[in-house]
2 protein chains.
Amino acid sequence: MQRGQESPDAVKVRTLPVQVAAHLTRRIVSGGIEDGRAPSELDISREFGVSRVVARETLKILASLDIVDVAQGRRVVVRPRAEWDYLSPLLVEWLPSETVGELLRELHQLRALLEPELAAMAAASATDETLDRLKVQVDRMSELESEPDAYLEVDHEFHMEICRAADNRILDRIMYSARWLGTTSRRVTNEAPAGLHRATAQHTEIYEALVARDPAGARTAMRRHLSNNYSTLLAENEQKTKRADRRR
Amino acid sequence: MQRGQESPDAVKVRTLPVQVAAHLTRRIVSGGIEDGRAPSELDISREFGVSRVVARETLKILASLDIVDVAQGRRVVVRPRAEWDYLSPLLVEWLPSETVGELLRELHQLRALLEPELAAMAAASATDETLDRLKVQVDRMSELESEPDAYLEVDHEFHMEICRAADNRILDRIMYSARWLGTTSRRVTNEAPAGLHRATAQHTEIYEALVARDPAGARTAMRRHLSNNYSTLLAENEQKTKRADRRR
DNA sequence: TGTCATCAGCTTATAGGACAAGTTGGGTAC
DNA sequence: GTACCCAACTTGTCCTATAAGCTGATGACA
């Protein structure tokens, strides 16, 4: 395993347990661990050349992601893949990019179910302070169209703000977890998202429906925005695939 | 802190780190920790009389729930409460029962947004195998109306099965996390849920709409079922409150 | 022969001590 | 006044030892 000091100014090396957990997860995903039998603390310690403490924390991480079950006296067992915590950015980072692409589609489906309704609810119930903050964010986005990273940050905050109007911690949490879409989708497409100008126009449209207290309009605007977002993503994936083909 | 051996046949004593994490979370919730400064590993070790290993795992647990931020060299800081992982059964268990009641309402709102659409989608896309399994579950529920625990188990599986028809891991995960509703709502109401017979009728109604490949019907049936569920829950809370009042 | 209790061996849980490495802030040199 | 540096604090990792829980096999007894 790679220690911190051995990689001077790399992207940011995580702790050993995280590195080992990543290795093990990838091995599980690629079918390298048969019939659910996961390695024990000692196995991990020996194989990766880390202390038992690190091996232990590795298992705790995997357990917290519902990847394995660990209990005193019993062997560690791999849990059904359907129950893993796919909302965790850590897990998503360890998955192969095709899987991440699928998850992106699935996340889009979830957002398409939730956000139009959230927008409609916000149109009915948002406070003036919320609307003010949304205004500020829309303005900032129009200034940031040439800086995708900063743009997507504000973009995320805009959607979070609308979600918060529902005053629902569980919804907040889900939308908050969706933050990895921003970072991960860029990892997949490996380029700045296109069409930020159009996105700003759509955000403005949503904002104006909220100000007009028009639930149906907000719902429609949000729906349009999300489906546009998604087709942009698909198009970028398409391009990426084509480039990859050309290189072959 | 209570060791395992000191409580012979209690409900099931968790590990020390979980116990300590529960204490700390409750303290944070009740405002016992000012300006976001959380105790360090050594603080925890000293105060609770546990080893540094346990104190360390405690912090890791809190970090995995997004309750605190921990990094080498820096002090542990408490994160904004809005970003905590309220989908985690562990956290929910540590929260005061009023908060849990609120979360139950919020969870209902989420399900009301998702499940009618999921039912509609399932009506369009569910396989015959899925429908078969749903049939079995409806039948079992009608047999289990006098055993609430077992009933709620199958109930949960029924809703999961419909969700799975969407073939969406993130949605699966969210619905899976909703499992704690079953256990937690009973913790709040402290009694067996009423109206299981009516619930079975509604499940049947949903199932029949799916078999008939009738999306609109499935959506309506699911909506009715959920709102009935929720009003039953409210009624039980009402009763509980009344009984508590009488005892005073 | 079948059933059940017991125990050995494996596994995780907890403890204590030591050192490495990152962060912060204050103090010193210029 | 500024910039650098270092000391103190904090988490990260390692080592070793013991407690406690589970599993499966062994063996006693009916």
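Throughout, protein chains are lettered first and strands after them, A, B, ... in sequence-line order, and every chain is numbered starting at 1.
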- Item | Closest listed nucleotide, where the reference is the side chain of Glu41(B) and the choices are dT23(D), dT11(D), dC14(D) | dT11(D)
- Taking every heavy atom of Arg14(A) against every heavy atom of Gln19(A), the minimum-distance pair comes out as O-NE2, 3.1 Å
- Electrostatic pair Arg27(B)-Glu47(B), nearest N-O below 4.0 angstrom: yes
- Among the nucleotides dT12(C), dT14(C), dT10(D), whichever has the atom closest to the side chain of Ser40(B) is dT10(D)
- When the distance from CZ of Arg74(A) to P of dA20(D) is rounded to whole Å, what number comes out? 18 Å
- Task: Give a yes or no on whether a salt bridge exists between Arg133(A) and Glu157(A), defined as a side-chain N under 4.0 angstrom from a carboxylate O.
- Result: no
- Can a donor-acceptor pair under 3.5 Å be found between the side-chain atoms of Arg14(A) and the base atoms of dG12(D)? no
- Given dT14(C), is OP1 or OP2 found less than 4.0 Å from the side-chain N or O atoms of Ser51(B)? no
- Message: Without decimals, in angstroms, what is the distance between Ile44(A) CD1 and dC10(C) P?
- Response: 18 Å
- Query: Quick one: Leu42(A) CG to dC15(D) P, roughly how many Å, whole number?
  - Reply: 12 Å
- What about Gln72(B), does its side chain sit under 3.5 Å from the base of dA21(C) through a donor-acceptor pair? yes
- Any ion pair linking Asp43(B) and Arg46(B) (charged N to carboxylate O, less than 4.0 Å)? yes
- Salt-bridge test for Glu161(B) and Lys135(B): reply yes if a basic N is under 4.0 Å from a carboxylate O, no otherwise. no
- Which nucleotide in the set dT12(C), dA15(C), dT11(D) lies at the smallest distance from any side-chain heavy atom of Leu16(B)? dA15(C)
- Measure the distance from CZ on Phe48(B) to P on dT14(C) and round it to the nearest whole Å. 15 Å
- Message: With a 4.0 Å cutoff (strictly under), does any side-chain N or O of Arg75(B) reach OP1 or OP2 of dT10(D)?
- Response: yes
- Parallel under 30°, tilted from 30 to 60°, perpendicular over 60°: which one fits the rings of Tyr151(B) and His203(B)? tilted
- Task: Starting from P on dC9(D), measure out to CZ on Arg52(B) and report it in whole angstrom.
- Result: 15 Å
- Message: Short of 4.0 Å, heavy atom to strand atom, which residues of residues 53-62 of chain B count as contacting DNA chain C?
- Response: Val53(B), Val54(B)
- Those residues that, when tested against Asp85(A), pass side-chain hydrogen bond (donor to acceptor under 3.5 Å, both in side chains) (two or more places apart): Arg173(B)
